[in-house]
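Heads up, the thing below is written out as structure tokens.
Values in this document were obtained by computation on a predicted structure and should not be read as measured data.
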Amino acid sequence: MSGQFRDRAQHIHRLALLDAETGLPNRLGVEHLLIEESARKRGVLVVAALGLQDGASALDAAAGLSGDRSIVGRLGADSLALAFVAAEAGAARAGLAEILGRQTGRFSAGLVVASATANEPYALLEAAEHALALAQAERVAVILVDAGGMRDEAGDAALLADLTASLLAGEIGLLHQPKVRLADGAVAGVECLARWTHPRRGVVSPDVFVPVAEARGQIAVLTEWTLGRAIADQQALASAGFDLPFSVNVSAALLADRAFAARAIHAVRAAGARLCFEITETALMAEPDVAREIVAAFTAAQIEISIDDYGARLSSLSYLMEIPAHELKIDKKFIGALETSAYDRALVSSMIELAHDLGLKVTAEGVESNGALDHLRRMNCDMAQGNLIAPPLSLPQLQDYLARA
């Protein structure tokens with residue numbers, strides 16, 4: 001990698017971690033700093049989400065907090081993240097009280113202490129924001145929660161039992177969201193999305209049931225069901241005259257599972273399917289050697305690899321050089337701001353340019369407006385996906401959509 005390319009990649013990486021308005025670390029930047037702080041292991045890592053009355057007071061508070069030996073970042077217009085190290089939970093509350101006591105303005109705070117079962121940065125921030133919401137609802141200054149106790153274990157077990165039963169009962173379906181080439185408007189492929197409508201629970205979001213399946217060791221069952229349905233739907237669509245590649249999301253947890261990889265490759269080869277596996281950018285971090293081995297086996301089996309939700313977590317385009325990927329999908333939060341933020345336009349444009357330098361196709365996720373689509377065309381983005389183009393569709397709806405395209 002040339003020095004110029006490396007410098008540009010590092011510049012984009014830094015920009016992606018900063019709040020454009022204030023120059024403070026944004027949510028991603030805070031996560032990045034939390035990883036660095038956790039690695040030092042100097043004590044118990046404490047994360048607080050601070051809610052203030054307005055954005056101006058939040059920025060004033062940030063200026064006051066920045067002198068402390070702590071991490072300060074911006075979570076939202078009226079909220080900050082504060083992270084520091086304490087000896088234990090009691091010291092954490094005392095430390096937060098001391099820090100906030102030196103500030104002007106009225107705070108509400110949600111406080112969470114890292115634990116062995118919940119020490120991922122995004123999980124800590126989510127727990128702290130949950131505690132902040134409780135503090136604001138109960139009109140108290142500070143609520144302390146245990147990150148390890150955030151999950152409802154009994155509720156998870158019941159949800160997982162319902163998930164297994166729903167798979168057998170046909171209550172989970174597969175929808176397909178098209179993505180189009182911006183050069184000519186042609187449909188270039190579809191992403192397969194599991195959707196669950198429970199007779200008692202109603203619609204259950206994948207943001208709820210997928211993490212439960214991962215935590216309970218059942219994500220392989222759900223993914224193999226999705227894979228089987230995707231292959232069958234692709235064959236049905238091809239028989240109707242529409243031969244398109246289908247994309248299936250593969251959990252990071254499965255990139256350390258050789259048995260799953262072998263079964264998936266066998267299913268794809270047996271069907272002669274044209275598939276792409278979408279993995280997140282951090283999927284290779286837990287067990288990188290095994291993950292690289294599995295990804296290499298997928299590509300050897302002619303399964304394409306897409307880096308999904310790019311920018312949603314820690315981001316480094318130079319890191320993509322280690323992955324035999326074919327496509328990069330830019331996270332929807334960047335796309336949603338294209339019309340209003342010159343900062344995000346510059347960031348997305350640079351991401352596209354460097355991804356092309358690496359030989360990757362680029363798909364923009366979450367395209368909701370013609371204005372965003374126009375910006376993406378000017379940036380030479382390859383493909384777009386989102387409700388502006390088409391929402392997730394059932395197989396009959398997809399066939400009708402393709403017939404009209």
Side-chain angles (χ1 to χ4, degrees), residues 10-38 45-85 92 95-96 99-112 114 120-136 141-143 145 147 309-316 330-348 350-351 366:
Q10 290 175 346
H11 178 63
I12 290 173
H13 181 52
R14 286 191 296 270
L15 287 178
L17 303 179
L18 295 177
D19 174 62
E21 183 181 352
T22 66
L24 291 170
N26 59 16
R27 189 184 192 94
L28 293 177
V30 173
E31 291 179 9
H32 180 77
L33 293 170
L34 289 178
I35 286 178
E36 293 179 348
E37 191 66 37
S38 298
L45 182 61
V46 180
V47 178
L50 309 177
L52 296 101
Q53 294 176 338
D54 55 61
S57 60
L59 299 183
D60 289 343
L65 293 170
S66 61
D68 293 287
R69 296 186 60 185
S70 56
I71 296 167
V72 180
R74 191 179 191 186
L75 293 179
D78 302 337
S79 62
L80 299 173
L82 172 66
F84 58 95
V85 173
L96 180 62
I99 291 170
L100 297 187
R102 299 197 299 269
Q103 313 305 317
T104 59
R106 184 175 179 179
F107 285 84
S108 294
L111 188 64
V112 63
E120 293 190 31
Y122 67 87
L124 289 172
L125 287 174
E126 287 177 354
E129 288 177 307
H130 172 74
L132 172 60
L134 292 176
Q136 291 173 328
V142 180
I143 281 186
V145 300
D309 297 334
Y310 186 75
R313 293 287 175 244
L314 298 178
S315 307
S316 174
I330 299 177
D331 188 72
K332 61 186 177 182
K333 71 178 179 181
F334 296 110
I335 306 306
L338 285 179
E339 291 188 87
T340 57
S341 170
Y343 178 90
D344 283 277
R345 288 195 294 273
L347 189 57
V348 170
S350 297
M351 287 179 180

Q. For R74 and L18, what are the C-alpha separation, side-chain angles and deciding distance, and is it a side-chain contact (heavy atoms from CB on, under 4.5 Å)?
A. CA-CA 9 Å; R74 191 179 191 186; L18 295 177; over 6 Å; no
Q. Checking side-chain contact (heavy atoms from CB on, under 4.5 Å) for the pair I71/L34: CA distance, chi angles, key distance, verdict?
A. CA-CA 8 Å; I71 296 167; L34 289 178; 4.2 Å; yes
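Summarising the geometry of A127 relative to V112, their closest heavy-atom pair is CB-CG2, 3.8 Å, with the distance given to 0.1 Å. The two residues R345 and L338 come nearest to each other via the heavy atoms NH1-O, 2.7 Å. The two atoms that bring Y310 and F334 nearest to each other are O-CE1, 3.9 Å, heavy atoms only. Between T22 and D19, the shortest heavy-atom distance links the atoms OG1-OD2, 2.7 Å.
Remark: D344 pairs with S341 by the side chain to side chain donor-acceptor pair (under 3.5 Å) rule, at least two apart or across chains. With sequence neighbours excluded, no residue forms a side chain to side chain donor-acceptor pair (under 3.5 Å) with T340. Applying the side chain to side chain contact (heavy atoms under 4.5 Å, CB included) criterion to L75, with sequence neighbours excluded, gives R27, A49, S79, A81, L125, E129.
When side chains are defined from C-beta on, P25 does not count as touching L17, because their heavy atoms never get closer than 4.5 Å.
Atom-to-atom distance recorded for N26:CG and H32:NE2 is 11.5 Å, nearest 0.5 angstrom.
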